[in-house]
Structure formats: C-alpha cells, structure tokens
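Here's the structure, in structure tokens; my notes come after.
Chain letters run A, B, ... following the sequence lines, proteins first and then strands; every chain starts at 1. The analysis underlying the following values was restricted to heavy atoms, covering all of them including side chains, and did not include hydrogens, waters or symmetry mates.
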Amino acid sequence: MKFLLNIFEKKIKPNFEEGGKLKVLKPLYEAIENFAFSPAARTIQAPHGRDALDVKRYMTMVIIGLLPCTIAAFYFYGLRLLPMIIVSYAAGGAVEVLFACIRKEEIQEGFLVTGLIFPLVLPPTLPLWMVAVGVMFGVFVGKELFGGTGRNVFNPAIVGRVFLALAYPTAMTTWVATGKGLFGNMFKYVNAPPAAQAVEAAKKLGEVATETANASQAWYSDIIVDGVTSATPLGGADVSAVDMFFGNVSGSLGESSALMIIAGGVFLLMTRVSNWRTVVSILGSAAVMSFALNKSNPDEYMPALNSLLAGGLLFGAFFMATDPVSGPITNAGKYGYGILIGSLAILIRNFSAFPEGVMFAILLGNIVAPILDEIVFSIRFRRLRNEG
Amino acid sequence: MPISEQMWLMLVTCFSAVFTSNILLTYFLGMCPFTSVSREVKTSVGLGLAVIFVMTATTMINWVAYHYVLEYFGLEYFRFILFIIIIAAFVQFVEMVIDRYSPRLYQGLGIFLPLITVNCAILGASLFMVIRDYSFIVTVGYGFGSSVGWTLAILAMAGIRQRLTESRIPAGLQGPGITLIIAGLMALAFIGFTGVL
C-alpha cells in the first residue's frame, strides 16, 4: 500500500493542489483518492489509522488489478463481455442481498471481486443464463452457506466454475478466435457459433474442440481417451510463446494475455494485497514440474515456458489462489499451498481427462489449506513448548 | 505375471486408490465416521491411523481367506459374512494386543478402534478387491492406498471444520449438514483426477 500511497501523495497530488496545473479537477482527484484510500486529510485528530487498508480498499485494489485483463478481454473478445459482467453482478448480487437481508447486516464489498473475476474465467461465448447459474451456485454454496464474506472455505468463483465445467462440459469448452488488428473485436458482439461452425473455427486454431468436450464428459463413464491431453485449448506446442504472452490465443475471457495478467498481478503484489509467497511457489513449482516433463518426453509435453503462459495458470496464480480467505494464513503454509497447486495443475493438465487443471488444483488447494495451517501451528507449538 | 510388473501395478493401484478413486470421495464409503469424528484434527488423526492399520491388514487376511478357503469349498457367496466376521475378530484381537503391550496407544485410540468394525469402507475395500480380481501383491497396495486416501480426506475435513467453528453457518445446516456439503465440494475437486490412471 505504501508504494501506491507515495505515488498518490508525491507525484499526483501536487498537480491538483492550490497553484498546481490541474487545480480545476481537484474534486475528481479527491474522488479517486477516496476510492483508493481512506483519505489522509481526515486524521487531523486522534485516533489515527496506521494503515489505509480496510476491506473496501482491499477489494478496490483487486478490481484495479483486474482492469488490465478486463481491457484485454474487451479487445480480444468484444462487447459480449459487458452483458456477462452485468449478469454476473446482478445474479450473484441478488443472492448476496438476499442473505444480507436475512442476516440483517450490511452488504459486503467482497462480492465486487467475485462478480468481476467470475466472467473473466469463462469461455467468451457462454450463454448468459449459464453465467447466472454458475455465479449463483458459487456465491450460494461456496460462500453464503459458510457464513458469508471472510468465512468461506472455498473460493466462490472457483466453485462456480468447476460446477459449470462439470455440468455443461460442451459449452464450457467452446472457444472462439481472438480479435486482431488495431481494435480487435472491441466493437463486435461475438455470438456463440453454431456447433458446426465452432468445430471449424476450432480446427482453424489447430484444436479439436469436440474432442476436448468429449474428454470432459468422460468422467461420467470412466472412459479415458488416450491422447486427449494433446488436443487442448491450451494450444500446446503449436502456438508460440510470444503469441501466448501477448494474448493471441483463444481461451477464457481474462486469461488470454499473459502480459496484462502479469501487469495487474504485479500491481497487487506491490500493494501487498496478494502475497508473493503463494504466487512464486505456484509458478516455480509449475515451471519445475513442466520442465521435468518436457525433458523426459519433448514430443508429448510442451516446453516449460509455454506451459506457464498457457491456459489459466497465470490468472489462477495471481488472482484466484491469492485469495486471502480461502488460502492458508501462515507463511509456511502459503509455500506448501502454492507448491501443491502448481504441481497439481501441471499433473492434471497433462495426465487427466481434463485439458485444464488449474481450477481443480486451486479447489484442492482450498481443501488442504486449513490442515496446512494446522500443521504449521502444531510445529510452532511444539517448538515453543520445547524452548519453555 | 512377473513380480516386477506386479510391484509396478501395486504402486499404480495404490496411487489411484488415494487420488483417482478415493474410497471416500468417489465411492462415498465410510461416511458415518467421516461426518461424526471429523470435528477435531487430533481425533481424526487417531482414527485415520487406526483405519490405515486395520484396512491394510484385513484386506490381506480376507484375500487369503477368500482364495484359499471360500473358493476351495465353492462358498464364494458367503464372503459378506466371512469378511465381516474376520474384520470384527481382527479389530478385537488388535484391541487386546494393544491394550496388553501399549496401554498408552490404547488410551489414545480410545473408542475409535471398536468403531472401525462398523466402518463400511473397510468392508468395501475387501469386496472391491474380490470384484476387481486383484492379486495378493496388488491387494496390499490397494488396501493401503484406500486407507491413506480415506485418512487424507478426513484430515482435510477436520481442518476445514475446525476453521468453521467461528463461522455463522445457517442454523439448519450446522453439524452434519455443512459437513456433507463440504464433502460434496471436495468430491467435485477430486473429479479433476479422473483419467490420471
């Protein structure tokens, strides 16, 4: 936070002060400052806040961190993102308000983040009613049943996405080509292609969308199709790492451009909203794992760099696994949590019937997070007892 | 089958029993102790260790009993009764041995040791081993893997439930209700392992 505060105080504020160039726009500056911090001007008298961070600012920071990906999603997939975000906020918000009314407490800001993250992890042409069903399931089962914001064991957005991926495997694995050129798809409303067209589009991209969908359905029947792992929407070795870095590969809305994700993610790391231990251990373990796989059989497993940039790994690592509520509290626990998620994501991606494993890996990480904390606590207690 | 291949198959079966076909989260066996004893981490560790020991041992004994006694007399349909009797007798026997030689461990395990007799995961593992026609070596891996998978699941559940003690879970869902919902979400995550083995 201090880093950001310094920029605000030293670089931007003087311009708006008496005698500054932009004096006229001072109210605008104050509004933005208010959005980002509890304004410093208030603390003339005691009590003084030591840190400007409370739940509202915390969520604000995450939303700012998500903005680059959101803009990238607009560029690559067009105006359809807008109704998806609106539906996500409306449907999830309805559940949130309902529970707030029943519990007779104020509505928590936490949902602002879930409501924005959720559409960003969905395929671009997912029917709007599925968006609504998914976000309602995620908020209702994943969060409100556990007592609401700050008490959820699982990340609501992940719960919603896993639910959708298993309930509607075909719709959740239909991808469209990204927009190109100066404006991309920015001013287009890309609709869901009819089934035949979808396959054609997928072929153009060097993928086999239907096969992927079949693979996701395989969990019903325990049929495991060999080699499905190579036909993934991740693009595999066919797509160059450069394309993946700038986002010229189809995928879920927010996960296309690695550059934008890293930009937003690093912002969150610098403001200390997300913890670097989680991010570093996820990406590190995923890199080591995919490097080893690639060395053992370069034909089957993609290079480590591609593996890091592909799919939802970066997005999951920077924005979803770092959720402070559903992850471990202790620092040592965070390392274990990250290593588990990173290696599981690569394992599931390469060996299971599913083309992408990040969401399962994070959900599994959420499951073991409390017990990891418990182990760290018990080790510390033992050490304390031995010393005393 | 040569022994090295058997050993490899044993490892694979063990891994898949822990993750891909976790006896608790994909077959939903052993739910009763899972919901009732998962309130604290400490007790669930005790129960988990007891389950690992008993399940590994009884699947081995049951394998021998099935293939050398029941098949010999052509009485395969008796396996339910025989397996239950063997499990109950084994648990009793273990209880007496532990009580005699290590009273402290006996105190620690307390009520959980006799409770294992009625844990359907134990009987389920023995029956699966028959249905799937495992060899003896593979059975060892399967029994051990299943019990380790069960223990991991109950440990994770105990950790989650300990964290939930401060939460305001809706009144109607407290206790078993929220436990089953958590188990469902855990099972959702374990679907991700489908097809690994």
Does CZ belonging to B:Phe15 count more than 12 external heavy atoms closer than 6.0 Å? yes
Looking at CZ of B:Phe193 and CG of A:Leu364, how far apart are the two atoms once the value is rounded to the nearest 0.5 Å? 5.0 Å
Tell me the residues of residues 322-334 of chain A whose non-hydrogen atoms fall below 4.5 Å from those of chain B, in number order. A:Val325, A:Gly327, A:Pro328, A:Ile329
Go through A:Leu166 and B:Ile191 one step at a time and tell me if the side-chain contact (heavy atoms from CB on, under 4.5 Å) criterion holds. CA-CA 9 Å; A:Leu166 297 175; B:Ile191 288 174; 3.6 Å; yes
Region of A:Phe146 that comes under 4.5 Å of a non-hydrogen atom in chain B: both
Picking from A:Ile367, A:Leu363, A:Leu344, A:Leu372, which has the most non-hydrogen pairs under 4.5 angstrom with chain B? A:Ile367
Nearest 0.5 angstrom please: A:Glu374 CD to B:Lys42 NZ, how far? 11.5 Å
For B:Arg163, I'd like to know if atom CZ has over 12 heavy atoms of other residues, nucleotides or ligands within 6.0 Å. yes
CZ of A:Phe377: more than 12 outside heavy atoms within 6.0 angstrom? yes
So for atom CZ, which belongs to B:Phe144, do other residues, nucleotides or ligands contribute more than 12 heavy atoms lying within a distance under 6.0 Å? no
Any side-chain heavy atom of A:Phe360 sitting closer than 4.5 Å to one from B:Leu188? no
Does any non-hydrogen side-chain atom of A:Val141 lie less than 4.5 Å from one of B:Leu185? yes
Count the heavy-atom pairs under 4.5 Å between each of B:Ile160, B:Val41, B:Ile178, B:Leu155 and chain A, then report the option with the highest count. B:Ile160
Is it the backbone or the side chain of A:Asp373 that comes under 4.5 Å from a heavy atom of chain B, or both, or neither? side chain
Who among A:Ile371, A:Ile375, A:Ile102 has the most heavy-atom pairs with chain B under 4.5 Å? A:Ile371
Using atom types as modelled and distance alone, determine if a side-chain donor or acceptor of B:Arg168 lies under 3.5 Å from a backbone N or O of A:Gly147. yes
So, the part of B:Ile169 with a heavy atom under 4.5 Å from chain A: the answer is both
Does B:Pro170 reach the side chain of A:Arg103, with side-chain heavy atoms less than 4.5 Å apart? yes
